[in-house]
Amino acid sequence: MNIDSIESAKKLDECLRKIPEIGPLHISLEEVWKVSENHPSGNRIFPSVLDIHLNVARLNIEIASIARRINADMKEPTDLNCLTDPIDLKNRLDLFGDSTAFVLRYRALWDKIMGVVVLLLDPKKYQNFCGAKSRKKCFCKFLENKGGSWPSYAKGVSETIQTFDDRFRTAEAHGSGRIRKMAFNRISSKSNPLEDLLWATNSLNDQMLIFERIFKYLAEQGA
């Protein structure tokens, strides 16, 4: 895939939006390309945002797959047992794979998002951010120095990341895992342990809407 012009960026965006499982994508790659052409960060903005764009697209596919499995669980016989039914075991493994991928991809996305914010505001600080032991702490300190409403924004991002880490990411990346226990239990209308996972998409969607407005404004200003 060679994205070397605004036309190819636009074509990729259009193709992505034709995949039904992906759902809405808020960022316009055409606008991001326009912004990146004259931005002080040079060619860093576009590939960084493209990476986010593709990961959000893939995350949406995983969300759709998880939702389909949840709905199927509610319709299938409740006496299915993955210990004795290979088909049910395969379904549980698929749900486990999609859910685990969701957790790790979602958390990585926030590091990428923070990086784009740093690139937009002060490209010279980007390498320092990337090399920080804790990117979240570095990001918060960076925006505290910017003043205005930035410290409040940084606090919101930090709290979102911390909550997700506490609920899911730390267990999946460094422990024995929490998703495994959820995925291999049957889901019913009264008990949906994976519902707690999907709340996180709201925060990510809000962030994508912020990026949509930022890049639209910068593109219109000829940044």
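Count residues from 1 along the sequence.
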Quiz item: Roughly how far, to the nearest 0.5 Å, is CD1 of Ile52 from CG of Leu25?
Solution: 12.5 Å
Quiz item: Between Leu209 and Leu16, is there a shared hydrophobic cluster once you connect ILVMFWY residues whose side-chain heavy atoms come closer than 4.5 Å?
Solution: no
Quiz prompt | Value rounded to 0.5 Å, distance of CZ in Arg69 from CZ in Phe96 | solution = 16.0 Å
Exercise. Tell me, with the steps shown, if Ser149 and Ser152 meet side-chain hydrogen bond (donor to acceptor under 3.5 Å, both in side chains).
Key: CA-CA 5 Å; Ser149 60; Ser152 177; over 6 Å; no
Quiz item: Closest approach of Ala154 and Cys140, non-hydrogen atoms and distance?
Solution: O-SG, 3.9 Å
Quiz item: Do the rings of Phe102 and Phe164 sit parallel, tilted or perpendicular, given the 30° and 60° boundaries?
Solution: tilted
Quiz item: Is any side-chain heavy atom of Ile214 less than 4.5 Å from a side-chain heavy atom of Val35?
Solution: no
Quiz item: What distance separates Phe215 CZ from Lys34 NZ, expressed to the nearest 0.5 Å?
Solution: 13.5 Å
Quiz item: What's the shortest heavy-atom distance between Trp33 and Ala9, and which atoms?
Solution: CE3-CB, 4.1 Å
Practice problem: Indicate, with yes or no, if Leu204 and Ile210 share a hydrophobic cluster defined by side-chain heavy-atom contacts under 4.5 Å among Ile, Leu, Val, Met, Phe, Trp and Tyr. | Solution: yes
Quiz item: salt bridge (charged side-chain N to carboxylate O under 4.0 Å, His left out) between Arg58 and Glu62: does it pass, once the steps are laid out?
Solution: CA-CA 6 Å; Arg58 181 60 216 179; Glu62 288 156 1; 3.3 Å; yes
Self-check item: Residue Lys10 excluded, over 12 heavy atoms near NZ under 6.0 Å
Solution: no
Exercise. Please lay out, stage by stage, how Ile113 and Met208 fare under the test side chain to side chain contact (heavy atoms under 4.5 Å, CB included).
Key: CA-CA 9 Å; Ile113 287 167; Met208 292 304 101; 3.7 Å; yes
Quiz item: Yes or no on side chain to side chain contact (heavy atoms under 4.5 Å, CB included) for Val117 and Phe211, after CA distance, side-chain angles and deciding distance?
Solution: CA-CA 9 Å; Val117 173; Phe211 274 174; 4.0 Å; yes
Exercise. Count the heavy atoms of every other residue, nucleotide or ligand shown that sit under 6.0 Å from NZ of Lys146, and state whether that count exceeds 12.
Key: yes
Exercise. Evaluate the side-chain proximity of Arg44 to Ser36: yes if any heavy-atom separation is below 4.5 Å, no if none is.
Key: no
Exercise. Give, for atom CD1 of Ile45 and atom CG of Leu50, the distance between the pair rounded to the nearest 0.5 Å.
Key: 12.5 Å
Practice problem: Using the side chain to side chain contact (heavy atoms under 4.5 Å, CB included) rule, pick out the option among Glu212, Gln207, His53 that qualifies with His26. | Solution: Glu212
Practice problem: Kindly indicate whether the side chain of Glu30, heavy atoms from C-beta on, has any atom under 4.5 Å from the side chain of Ile6. | Solution: yes
Exercise. Not counting sequence neighbours, list each pair that qualifies as a side chain to side chain donor-acceptor pair (under 3.5 Å) and has a residue in residues 110-133.
Key: Asp51-Lys112, Tyr106-Trp110, Arg107-Asp111
Quiz prompt | Worked check of salt bridge (charged side-chain N to carboxylate O under 4.0 Å, His left out) between Glu220 and Lys216 | solution = CA-CA 6 Å; Glu220 290 174 349; Lys216 184 176 180 62; 3.6 Å; yes
Practice problem: Looking only at non-hydrogen atoms, find the nearest pair between His39 and Leu120 and report the distance. | Solution: NE2-O, 3.2 Å
Practice problem: Take Asn55 and Leu59 through the test side chain to side chain contact (heavy atoms under 4.5 Å, CB included) and record every step on the way to the result. | Solution: CA-CA 6 Å; Asn55 271 284; Leu59 193 74; over 6 Å; no
Quiz item: Considering all heavy atoms of both residues, which atom of Val32 and which atom of Phe46 are nearest to each other, and what is their separation?
Solution: CG1-CD1, 3.8 Å
